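Predicted model only: the values in this text are computed from it and were never measured. The residues of the chain are indexed from 1 along the displayed sequence.
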Amino acid sequence: MDTSDKQQRKRAQPPQRPRLINTKWVATIMPVSFALSVVMSYMSNEALNNAGTLLSFVVLFFFIALGILFDMIGIAATAATEKTFHSMAAHRVRGAREAVWMTRNAEKVSSICNDVVGDICGIISGATGALIVAHITAGMGSGLRVVLVSLLVTGLVSALTIGGKAAGKGVAIAFSSKVLVACGRVLSVLPVSLDSRK
């Protein structure tokens with residue numbers, strides 16, 4: 001078969017559709033999610049073990065803030081453009097190479113930050129809120145005051161999480177390059193190897 005016949009056959013073949021679901025990534029992220037969930041839950045349980053109401057609130061605010069921060073990183077990765085970081089990377093600006101990697105892998109970064117870390121922080125925040133309710137209502141019995149405390153704490157957790165993420169999204173979109181460079185600087189000092197070509 002000569003070259004012209006091969007070229008004609010190649011043209012006749014219909015273009016392949018890109019895969020909608022990256023099965024390799026799904027198979028990777030599931031065990032990573034499990035491991036992160038176990039580690040973060042263990043950390044929160046250790047921090048809350050024999051903790052008072054004040055320390056429980058500190059842990060609660062920490063996980064809410066962590067969820068908001070990672071939500072911002074995930075949004076910034078999808079909003080930023082790769083061109084912004086090329087000149088920075090050429091001038092060897094710390095964090096620029098990592099920022100290029102994050103924009104090229106925005107789907108994965110968003111999945112880890114928004115879905116994995118964000119959801120885990122939400123679950124732990126809810127559990128911590130329930131523990132705070134138990135601390136506050138200890139000795140109250142079961143009455144209207146217990147219901148009111150439970151509703152107030154649940155409302156506080158929801159309001160802080162949703163309001164914080166709403167504010168963070170605007171900041172992440174407006175300052176996406178700054179958010180990613182700052183995140184890239186942190187990644188540059190960690191023992192991780194990111195290939196900016198991927």
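Contact of the Ile112 side chain with the Phe70 side chain is not registered, since no non-hydrogen atoms from C-beta on lie closer than 4.5 Å. Arg97 places none of its side-chain heavy atoms less than 4.5 Å from the side chain of Phe85. Residues Met102 and Cys183 are in side-chain contact: their nearest non-hydrogen atoms beyond the backbone lie under 4.5 Å apart. Put simply, the side chain of Leu160 reaches to within 4.5 Å of the side chain of Phe61, judged on heavy atoms. Residues Leu60 and Val157 form a side-chain contact, since some pair of their non-hydrogen atoms from C-beta on lies under 4.5 Å apart.
Ala96 and Met88 get closest at one heavy-atom pair: CB-CB, 3.5 Å. Summarising the geometry of Leu180 relative to Ala76, their closest heavy-atom pair is CD1-O, 3.8 Å, with the distance given to 0.1 Å. Listed here is the closest heavy atom pair of Ser56 and Leu131: OG-CD2, 4.4 Å. In terms of heavy atoms, Lys165 sits closest to Gly67 at CE-O, 3.9 Å. The shortest non-hydrogen separation linking Ile120 to Met40 is CG2-SD, 3.7 Å. Taking every heavy atom of both residues into account, Ala106 and Ala77 meet most closely at CB-O, 3.4 Å.
Placement of Leu187 and Val179 within a single hydrophobic cluster is found when ILVMFWY residues are connected by side-chain heavy-atom separations under 4.5 Å, directly or transitively. There is no path of hydrophobic side-chain contacts, each under 4.5 Å, that joins Val59 to Ile123. Grouping the Ile, Leu, Val, Met, Phe, Trp and Tyr side chains by contacts below 4.5 angstrom, directly or via other members, places Val147 apart from Leu156. Ile68 is not connected to Ile173 by any chain of hydrophobic side-chain contacts under 4.5 Å among Ile, Leu, Val, Met, Phe, Trp and Tyr, and they are in different clusters. At a threshold of 4.5 Å between side-chain heavy atoms, the hydrophobic network of Ile, Leu, Val, Met, Phe, Trp and Tyr places Ile75 and Val181 in two separate groups.
For Ser37 (side chain) and Ser33 (main-chain N/O), no donor-acceptor pair under 3.5 Å exists by modelled atom type. No donor-acceptor pair under 3.5 Å is formed between the side chain of Ser41 and the backbone N or O of Val38. For Thr103 (side chain) and Val100 (main-chain N/O), a donor-acceptor pair under 3.5 Å exists by modelled atom type.
With rounding to the nearest 0.5 angstrom, the CD atom of Glu98 is 5.0 Å from the OG atom of Ser188. The CD1 atom of Ile124 sits 13.5 Å away from the OH atom of Tyr42 when rounded to the nearest 0.5 Å. Atom OG of Ser176 is separated from atom CE of Met72 by 10.5 Å, given to the nearest 0.5 angstrom. Between the OG atom in Ser125 and the CG atom in Leu66 there is a gap of 9.0 Å [rounded to 0.5 Å]. How far CG of Leu55 is from CD1 of Ile132: 9.5 Å, rounded to the nearest 0.5 Å.
The 12-atom threshold is not exceeded at CZ of Phe34, counting heavy atoms of other residues, nucleotides or ligands nearer than 6.0 Å.
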*Please assess Thr128 against Phe57 for the test side chain to side chain contact (heavy atoms under 4.5 Å, CB included), listing each intermediate value before the final yes or no.*
CA-CA 8 Å; Thr128 308; Phe57 269 109; over 6 Å; no

*Apply side chain to side chain contact (heavy atoms under 4.5 Å, CB included) to the pair Ser150 and Val146, showing each step before the final yes or no.*
CA-CA 6 Å; Ser150 178; Val146 175; 5.6 Å; no

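Every salt bridge (charged side-chain N to carboxylate O under 4.0 Å, His left out) that Lys169 has, sequence neighbours left out, goes to Asp71.
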